[in-house]
Every structure is written in C-alpha cells, then in structure tokens.
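In what follows, a structure is listed as structure tokens, so that the remarks can point back to it.
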Amino acid sequence: MSGHGPVGVGRRGGWRAVGVPVLVAALLLGACGTPRSGVLGAAPTAPPLIVPPTSTAASAPPSGPPTGPPPSAAATRTAPRPPAPTSVGTRRPEPVTIELWYVRSGLLVPTRRTRPATVTTSRLALTELAAGPTPAEAATGMVTLLPAGVEVTRIADGVATLGPVPSGDDPAERRRLREAQVVWTLTQFPTVRQVRFPGGVPVGRADYPDLLAPIVVTAPSVGDRVTAPLTVTGTADVFEATVSIRVLDAAGREVATGFGAASCGSGCRGAYRLVVGWHTAREQHGTIEVYEVSARDGSRSNRVAVPVILAPSGG
C-alpha cells in the first residue's frame with residue numbers, strides 16, 4: 001500500500017483531514033448500499049414554508065395534544081341560517097275593478113266599482129249589480145232590475161250557468177233588460193262568453209244590440225275625480241263615426257272641447273278614445289259630455305252627461 005490509508009479512515013494518531021464534499025459523498029454511498037454509477041447532483045432542498053398573511057395558525061397541525069380548554073359549542077356550530085321572511089313588507093293583492101251594467105231610460109248604462117281582490121269575481125259582480133247604484137249614480141237615473149241572491153252555479157266552456165232568477169209577473173221587456181244586465185256584466189271576464197239562464201239556451205252580448213244607446217261612455221264613471229288630460233272611452237254608433245266631447249265646470253261653463261272618431265259608425269258600433277284637457281284654479285264639480293253633432297242642424301244629439309269632480313290644473 002502507499003503511504004496513505006483509505007480516505008476518511010483515521011489512524012491512532014488522529015483523523016486525517018478530509019474535504020467536506022468527499023465526506024458527504026462517502027456517507028451517501030454507504031447509506032445506499034451498492035453504489036450507482038453517474039454523478040450525484042446537489043442534494044434536494046425542501047421548498048420554503050409560505051404562511052398566508054391572514055393566518056399563522058393553520059400552517060401545520062399541532063405536534064401534541066391540545067393544552068387549552070375544548071372549543072365551545074358556539075365556536076363549532078355551523079353558520080346560522082338567514083332569518084325566514086316575515087309578513088312585514090309582503091305585497092298585498094291589488095284591488096279589482098269590475099264593470100257593472102245598470103238600466104237608465106230602458107237602456108244599458110255602465111259604471112265601475114273597485115273592491116278588494118277575490119277569486120270569485122262573478123259572485124262579486126252579481127252581488128254589486130244587485131246592490132244597485134250609488135246615490136250619485138241614482139241621481140242620473142240609473143236603476144238595477146236584478147234581485148239579490150242570484151248566483152253563478154257553474155262556468156264551463158265559456159258559459160256561466162245561473163241559479164234561479166226570481167221574475168214574478170214582470171213583463172217580457174223588463175225580464176230581457178234584467179238578463180242583459182247580467183250578460184253584459186259577466187261577459188267582461190275572459191272565462192265567460194255567454195250566460196245560461198234557467199230553462200234557456202246560452203246568450204251573449206250580441207243578443208241585446210238594441211239595448212245600448214247610440215253613445216256609451218265606459219270611462220270616466222259617475223263621481224270619479226278626474227285630472228287633465230283626461231282619456232274618455234266608450235263605444236258609439238253615430239253619423240260618420242264622429243264623437244264630440246266637452247267639459248263643463250261647476251257653473252256650467254264650457255272649459256274644454258274636442259272630438260274624435262270611433263272605429264266604426266253610421267250603422268255599426270265602434271270603440272272610441274278621446275283625450276281632453278282643461279284649466280281650472282280649484283277643485284270643483286263638473287260634467288263630461290259626450291255627444292253627436294247633428295248633420296241636420298248642428299245641435300248636440302245622443303248626449304251622455306257624466307257628473308265628475310274636476311281636479312285643479314295649471315295654465
């Protein structure tokens with residue numbers, strides 16, 4: 001052997017200096033058993049520990065049993081559920097406006113009622129129809145011919161069947177007007193196209209064309225508080241389909257006029273829609289007049305007067 005012993009083996013006289021890299025390689029080869037060929041690279045290093053800035057306690061599990069008291073129930077339970085909705089702020093059903101057809105001078109006249117919402121609108125309509133006109137409506141000559149207690153017993157295939165309708169010894173003309181009141185009132189609803197009276201066949205609006213005046217005003221109704229500009233609606237069967245309108249104040253003075261055309265006229269009934277404005281300094285009673293101008297002498301004919309309350313307007 002040469003004068004040097006094996007690398008890294010010490011003599012009795014002490015250890016011979018060995019370089020650090022050589023010592024590390026020797027230790028690795030000894031630990032792995034049979035040496036492998038090739039060159040070992042640098043020893044792998046663990047990635048640096050990154051602790052989230054928001055928490056320093058969750059980076060590693062605890063190394064021993066907990067030393068503090070157990071967590072309370074309040075700390076371990078799940079997040080509370082949002083509170084159940086309450087009735088505060090719940091939107092109430094919108095009120096319902098129904099059209100009622102009364103009788104004036106042997107013809108049908110419409111008016112309206114606004115009542116709390118209900119699913120039995122046909123029952124509500126017949127109840128209101130039998131109750132009769134308001135004092136303001138009665139002052140214009142409106143009446144009802146329907147007695148109380150008449151009800152719809154069934155609605156099927158667009159036909160509303162009525163229970164018994166007391167008639168007594170009423171003449172045929174009065175009975176027909178009463179039937180027309182019911183038919184025109186119930187057929188405003190989309191589920192009803194015809195009405196069957198006891199012992200009869202279904203009838204509809206087309207069975208009573210002669211019971212409408214040449215001009216019918218469906219809005220506004222008697223007693224309404226109206227503002228300018230006002231939209232007036234209805235149907236008419238007038239010469240050349242021309243419908244005229246004027247507004248009268250509490251003193252009967254004319255404060256606005258206008259005219260328009262119905263969708264049909266001179267032998268057929270059509271719908272009209274007129275808009276009129278006025279200027280008044282205070283709230284007061286007034287009248288909306290809808291009429292036909294006579295082709296013969298220019299006078300106002302087929303006049304319909306609707307008493308209302310005129311709201312003040314600027315100008």
Side-chain angles (χ1 to χ4, degrees), residues 96-113 115 118 120-219 221-223 234-238 264 267-271 290 302-306:
V96 59
T97 298
I98 57 176
E99 196 172 75
L100 306 175
W101 289 80
Y102 290 127
V103 175
R104 182 171 61 202
S105 302
L107 297 173
L108 296 177
V109 182
T111 189
R112 294 176 299 172
R113 297 282 187 275
R115 295 291 183 260
T118 177
T120 56
T121 52
S122 60
R123 177 180 298 179
L124 172 65
L126 291 184
T127 299
E128 292 290 338
L129 192 64
T134 65
E137 293 166 344
T140 69
M142 291 186 189
V143 298
T144 186
L145 306 180
L146 184 70
V150 178
E151 292 186 352
V152 174
T153 60
R154 182 170 181 261
I155 298 178
D157 300 325
V159 178
T161 301
L162 263 62
V165 181
S167 59
D169 298 328
D170 290 343
E173 181 180 352
R174 184 179 176 88
R175 289 198 302 269
R176 188 165 180 265
L177 266 172
R178 179 170 53 244
E179 291 177 358
Q181 277 189 263
V182 174
V183 169
W184 277 79
T185 297
L186 290 183
T187 53
Q188 70 183 289
F189 306 119
T191 56
V192 180
R193 297 188 304 273
Q194 292 180 306
V195 178
R196 185 196 303 273
F197 294 91
V201 298
V203 290
R205 292 190 174 192
D207 293 287
Y208 307 94
D210 56 316
L211 296 183
L212 292 180
I215 296 177
V216 173
V217 179
T218 55
S221 295
V222 172
T235 64
D237 180 0
V238 292
C264 189
C268 61
R269 181 170 294 274
V290 186
N302 297 318
R303 173 179 168 271
V304 179
V306 183

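Just the heavy atoms: all of them, side chains too, but no hydrogens, waters or symmetry mates, feed the values below.
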- Task: Quick one: do Val182 and Phe197 satisfy side-chain contact (heavy atoms from CB on, under 4.5 Å)? Show the steps, please.
- Result: CA-CA 10 Å; Val182 174; Phe197 294 91; 4.0 Å; yes
- Would you say the side chain of Leu100 lies within less than 4.5 Å of the side chain of Thr144, judging by non-hydrogen atoms?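 No; the side chains remain at least 4.5 Å from each other.
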Qualifying residues under salt bridge (charged side-chain N to carboxylate O under 4.0 Å, His left out), relative to [X], sequence neighbours excluded:
X: Asp170; answer: Arg174, Arg178
X: Glu99; answer: none
X: Arg175; answer: none
X: Arg176; answer: Asp210

Identify, with sequence neighbours excluded, every residue that meets side chain to side chain contact (heavy atoms under 4.5 Å, CB included) alongside [X].
X: Thr127; value: Arg123
X: Ala219; value: Arg112, Thr233
X: Thr235; value: Val216, Arg269

- Task: Among residues two or more places apart or on two chains, list those pairs meeting side chain to side chain donor-acceptor pair (under 3.5 Å) that have a residue in residues 154-165.
- Result: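 Every pair satisfying side chain to side chain donor-acceptor pair (under 3.5 Å) with a residue in residues 154-165: there are none.
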- Task: With sequence neighbours excluded, give me every side chain to side chain donor-acceptor pair (under 3.5 Å) pair touching residues 183-197.
- Result: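 For residues 183-197, and leaving out neighbouring residues, the side chain to side chain donor-acceptor pair (under 3.5 Å) pairs sorted by first residue read Thr187-Arg205.
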What are the two closest heavy atoms between [X] and [Y], and how far apart are they?
X: Val150; Y: Pro166; result: CG2-CD, 4.3 Å
X: Gly204; Y: Val183; result: C-CG1, 3.5 Å
X: Pro214; Y: Val238; result: O-CG1, 4.3 Å
X: Ile98; Y: Ala125; result: CD1-CA, 3.8 Å
X: Gly267; Y: Asp237; result: N-OD1, 3.0 Å

- Message: If you apply the rule side-chain contact (heavy atoms from CB on, under 4.5 Å), what do you find for Leu124 with Val96, and how did you get there?
- Response: CA-CA 10 Å; Leu124 172 65; Val96 59; 4.0 Å; yes
Let me check something: any side-chain donor-acceptor pairs from residues 128-143 under 3.5 Å, sequence neighbours excluded? List them with distances.
residue, atom, partner, partner atom, Å
Glu128, OE1, Arg115, NH2, 3.4
Glu128, OE2, Arg115, NE, 2.9
Thr134, OG1, Glu137, N, 3.2
Thr134, OG1, Glu137, OE1, 3.4
Glu137, OE1, Arg113, NH1, 3.4
Glu137, OE1, Arg113, NH2, 2.7
Glu137, OE1, Thr134, N, 2.8
Glu137, OE2, Thr111, OG1, 2.6
Glu137, OE2, Arg113, NH1, 2.8
Thr140, OG1, Arg104, NH1, 3.2
Thr140, OG1, Glu137, O, 2.6

- Sequence neighbours excluded, which residues qualify as side chain to side chain donor-acceptor pair (under 3.5 Å) partners of Asn302?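 Expected list: Glu292.
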- Under the side chain to side chain donor-acceptor pair (under 3.5 Å) test, which residues partner Ser105, sequence neighbours left out?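 Testing Ser105 for side chain to side chain donor-acceptor pair (under 3.5 Å), a comparison that skips the adjacent residues, returns none.
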- Leu162 side, atom CG; Leu186 side, atom CG - distance, nearest 0.5 Å: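 One finds 6.5 Å between CG of Leu162 and CG of Leu186.
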- Item | Rounded distance (nearest 0.5 Å) linking atom CG of Leu177 with atom OH of Tyr102 |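 Answer rounded to 0.5 Å: 15.0 Å.
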